[in-house]
Amino acid sequence: MELKNLVNLVFRTGRHLQRYNFHGHRQVVGCIPYRYKGINGKSVVDEDAIEVLVISSQRKGKGMSFPKGGWEKDESIEEAALRETVEEAGVLGDVESELGEWSFKSNNNGNCYEGHMFPLLVKEQLEFWPEKEVRQRIWVSVREARKVCHYWWMKEALELLVSRLTSRGQGVVDAKMESCSSQEGSMTRRSKILKVF
């Protein structure tokens, strides 16, 4: 194995360095790993030329998602996004500018979270990574990712990524943020405008 392929195979555990926002919501970060396929000198990319990497949940029956996890106090948000992607999906690449921020409530425990998502243009896929034994990783089309991704807020991040890659940054996209204040389990939403680069 080449030296550049060696990654820290001991992943972080515990929450003693975990970041929380001013509402007390845990801050999580993740990436949508992507790559291009079949581009033959086209100047404009369509969504059929994009593949994304989805991973299985550690818990059976919880569907597929994109890599994400806790943002810790001793790392930048981009470092945390890359670390989580290496730990969970075993890929390396370029972390690009943030897609957005979402507030969401866990279906498992009812806790509220602040989630940040980044695109990651994959440069290398590792043979060994920390969660290889507990997760599957699968390259899928954008269309398939829309079907299999378990989380609404990650699907919204995917739409922002597709818009960014297919429009080459020509415009503005509406993104939704979910408020964690709920009335009898229903969520309120507010819109936020994000520039697409």
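Of all the heavy atoms in Ser97 and Pro119, the pair that sits closest is O-CD, 3.2 Å. Taking both residues in full, the closest heavy atoms of Arg137 and Gly90 are given as NH1-O, 3.0 Å, listed atom of the first, atom of the second, then distance. Taking both residues in full, the closest heavy atoms of Gly115 and Trp153 are given as CA-CZ3, 4.1 Å, listed atom of the first, atom of the second, then distance.
Annotation: side-chain hydrogen bond (donor to acceptor under 3.5 Å, both in side chains) contacts of Glu47 (sequence neighbours excluded): Arg146. Remark: Val140 pairs with Val52, Val54, Ile138, Glu144, Ala145 by the side-chain contact (heavy atoms from CB on, under 4.5 Å) rule, at least two apart or across chains. In this view, Glu84 satisfies the salt bridge (Lys or Arg N to Asp or Glu O under 4.0 Å) rule with no residue, not counting sequence neighbours. With sequence neighbours left out, the side-chain hydrogen bond (donor to acceptor under 3.5 Å, both in side chains) criterion links Arg35 to Glu51. With sequence neighbours left out, Tyr34 forms a ring-ring contact (aromatic ring centres under 6.0 Å, His included) with Tyr36.
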Exercise for review: Please step through side chain to side chain contact (heavy atoms under 4.5 Å, CB included) for the pair Asn111 and Arg26, ending with a clear verdict.
Suggested key: CA-CA 9 Å; Asn111 291 339; Arg26 184 173 172 226; over 6 Å; no
**Study point:** Chi angles and distances behind the side chain to side chain contact (heavy atoms under 4.5 Å, CB included) call for Leu53, Val122
**Key:** CA-CA 9 Å; Leu53 187 67; Val122 174; 5.6 Å; no
Review point. Can Arg164 and Leu99 be said to form a side chain to side chain contact (heavy atoms under 4.5 Å, CB included), step by step?
Key: CA-CA 9 Å; Arg164 182 184 292 182; Leu99 292 166; 3.7 Å; yes
Review point. After noting the C-alpha distance and the side-chain angles of Val91 and Leu120, does the key distance pass the side chain to side chain contact (heavy atoms under 4.5 Å, CB included) rule?
Key: CA-CA 9 Å; Val91 291; Leu120 179 108; 4.0 Å; yes
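The aromatic rings of Tyr113 and Phe104 lie parallel to each other, with less than 30° between the two planes, well short of the 60° mark.
A donor-acceptor distance shorter than 3.5 angstrom exists from the side chain of Glu79 to the backbone of Ser76, with no hydrogens or angles considered. Side-chain atoms of Arg135 come within 3.5 Å of backbone N or O of Ser56 as a donor-acceptor pair. For the pair Glu88 (side chain) and Thr85 (backbone), a donor-acceptor distance under 3.5 Å is absent.
The pair Asp48-Arg143 counts as a salt bridge, with a side-chain nitrogen and a carboxylate oxygen less than 4.0 angstrom apart. By the 4.0 Å N-to-carboxylate-O rule, Glu87 lies close enough to Arg83 to be salt-bridged with it.
Rounded to the nearest 0.5 angstrom, Phe118 CZ and Ile77 CD1 are separated by 4.0 Å. In this structure, Ser106 OG and Tyr151 OH are separated by 7.0 Å, a value rounded to the nearest 0.5 Å. Taking NZ from Lys73 and OH from Tyr20, the interatomic distance works out to 8.5 Å, rounded to the nearest 0.5 Å. How far NE2 of His23 is from SG of Cys112: 9.5 Å, rounded to the nearest 0.5 Å. Taking CD from Glu98 and CG from Leu160, the interatomic distance works out to 10.5 Å, rounded to the nearest 0.5 Å. Of the inter-residue distances, the one linking Leu161 atom CG with Phe66 atom CZ reads 8.0 Å to the nearest 0.5 angstrom.
When side chains are defined from C-beta on, Ile55 does not count as touching Met64, because their heavy atoms never get closer than 4.5 Å. Contact annotation: the side chain of Trp102 never approaches that of Met154 to less than 4.5 Å [non-hydrogen atoms, C-beta and beyond]. Looking at Pro67 and Pro33, their side chains come closer than 4.5 Å, going by heavy atoms from C-beta outward.
Under 3.5 Å, the side chains of Gln27 and His116 contain no donor-acceptor pair of N or O atoms. A side-chain donor-acceptor contact under 3.5 Å links Trp139 and Gln125.
Sequence neighbours left out, the pairs with a member in residues 110-123 that pass salt bridge (charged side-chain N to carboxylate O under 4.0 Å, His left out) are Asp94-Lys123.
The cluster map of Ile, Leu, Val, Met, Phe, Trp and Tyr, joined by side-chain heavy atoms under 4.5 Å apart, puts Leu121 and Val142 in the same cluster.
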